[in-house]
Amino acid sequence: MGRIVFTMVTVILLTVGVSVAYAAPLKVAATIFPLADIVRQVGGDRVTVTTIIPAGASEHIYEPTSSQMRQVADVVLYVKVGAGMDDWVDRLVRSARKPPMPVSVTSGVRLLRTAEQELLGQEEEEHHHSGDDPHIWLDPILVRDSIVPRITEALIKLSPADSSRFRDNAKRFQQELTRLDQEMRQGVAGLKRHEFIAMHSAWAYMAKRYGLRQVAAVETFPGKEPSARYLVELVKLARKQGVSTIFAEPQLSNKAAQVIAREVKGTVLLLDPVGGENIAGRNSYLALMRYNLSQIVRGMGK
Ligand SMILES: [Zn+2]
């Protein structure tokens with residue numbers, strides 16, 4: 001009896017399976033974890049999202065592997081930052097069976113220039129950067145008003161039947177971003193200092209939003225250890241501007257940051273620009289930004 005019921009259920013499922021095939025979740029790839037999480041917030045269970053750059057890797061020095069070509073072979077949408085940061089993903093998805101829809105979250109956004117240029121023009125440009133600062137995702141308001149709407153529109157285009165669901169999810173997430181923004185404002189309101197030195201110049205949008213100042217970056221290009229001469233300049237600058245907090249990053253070596261901190265009797269704390277699915281306390285966009293806020297308050301609140 002049990003077996004007959006089981007067989008019948010199987011037959012029904014197989015029959016129904018054909019007609020509901022359209023309802024399979026949309027497969028999406030995002031280059032960095034924050035974008036993957038934002039897609040998940042909007043898409044809910046209507047999407048499955050792959051993060052291409054693994055946790056622990058810098059968003060700038062990552063080289064995709066050939067196994068990742070298989071990972072993205074059947075995505076219908078891919079989300080990148082753009083502005084020269086992760087445009088290699090365009091080549092990666094070229095191997096997909098059907099060309100997926102691209103979303104570049106920086107396109108159409110007024111970008112800042114990368115900050116380190118203003119400090120030390122004498123460092124030669126060794127990387128092929130456009131000079132536009134790609135780190136817009138570290139400003140919750142740009143996420144709310146620019147990235148979320150763009151991702152929502154893309155998902156709706158791919159699955160119009162889910163449009164009201166996507167819009168509801170987006171609205172709910174945007175409310176949470178507004179709450180995050182309020183927390184950030186309250187958090188920085190009590191700071192004693194506003195200047196800091198960053199590991200790489202990832203924080204200009206966040207700094208601009210909250211009245212902070214990323215005075216300089218330890219690594220003018222992520223992964224490139226600073227020269228001794230540059231370190232001397234940084235120490236001088238830190239003294240001149242009264243900077244005592246050097247923000248290192250989990251993805252990059254903090255040796256140079258330690259050297260500067262020792263010289264200016266300051267402290268090294270972490271700011272994390274990308275987080276990751278399996279990193280406790282930084283495993284969602286909101287958690288990541290709350291972690292960063294708590295580090296800022298720790299470093300500059302006294
Ligand atoms: Zn970066």
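All ligand and atom numbering here is 1-based and tracks the order in the structure. Numbering starts at 1 and runs along the sequence shown.
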Asks: Would a distance-only check, ignoring hydrogens and angles, find a side-chain to backbone donor-acceptor pair under 3.5 Å from Arg239 to Glu263?
Replies: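 Flag set: sc Arg239 to bb Glu263 pair under 3.5 Å.
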Asks: Should Asp181 and Tyr210 be marked as a side chain to side chain donor-acceptor pair (under 3.5 Å) after you check the CA-CA gap, both sets of side-chain angles, and the distance that decides it?
Replies: CA-CA 9 Å; Asp181 172 62; Tyr210 300 109; 2.7 Å; yes
Asks: Distances under 2.8 Å only: what protein N/O/S atoms are near the Zn ion (ligand 1), ordered by chain and residue?
Replies: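 Under 2.8 Å from the Zn ion (ligand 1) - ignoring waters, which are not counted - the protein N, O or S atoms are Glu59 OE2, His60 NE2, His135 NE2, His200 NE2.
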Asks: Tell me which donor-acceptor pairs under 3.5 Å the side chains of residues 246-258 have, and how far apart each pair is, sequence neighbours excluded?
Replies:
residue	atom	partner	partner atom	Å
Glu249	OE1	His200	ND1	3.1
Glu249	OE2	His200	N	3.4
Glu249	OE2	His200	ND1	2.7
Gln251	NE2	Asp272	OD1	3.0
Ser253	OG	Lys255	N	3.3

Asks: In chain order, what residues pass the ring pair (Phe, Tyr, Trp, His ring centres under 6.0 Å) check against Tyr291, with sequence neighbours excluded?
Replies: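 If we apply the ring pair (Phe, Tyr, Trp, His ring centres under 6.0 Å) test to Tyr291, skipping adjacent residues, there are no hits.
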Asks: Checking Lys236 now: which residues fulfil side chain to side chain contact (heavy atoms under 4.5 Å, CB included) with it, not counting sequence neighbours?
Replies: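 Residues passing side chain to side chain contact (heavy atoms under 4.5 Å, CB included) with Lys236: Val232, Glu233.
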Asks: Should the pair Asp74-Lys27 be classified as a salt bridge under the 4.0 Å nitrogen-to-oxygen rule?
Replies: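 Between Lys27 and Asp74 there is a salt bridge, with a charged N closer than 4.0 Å to a carboxylate O.
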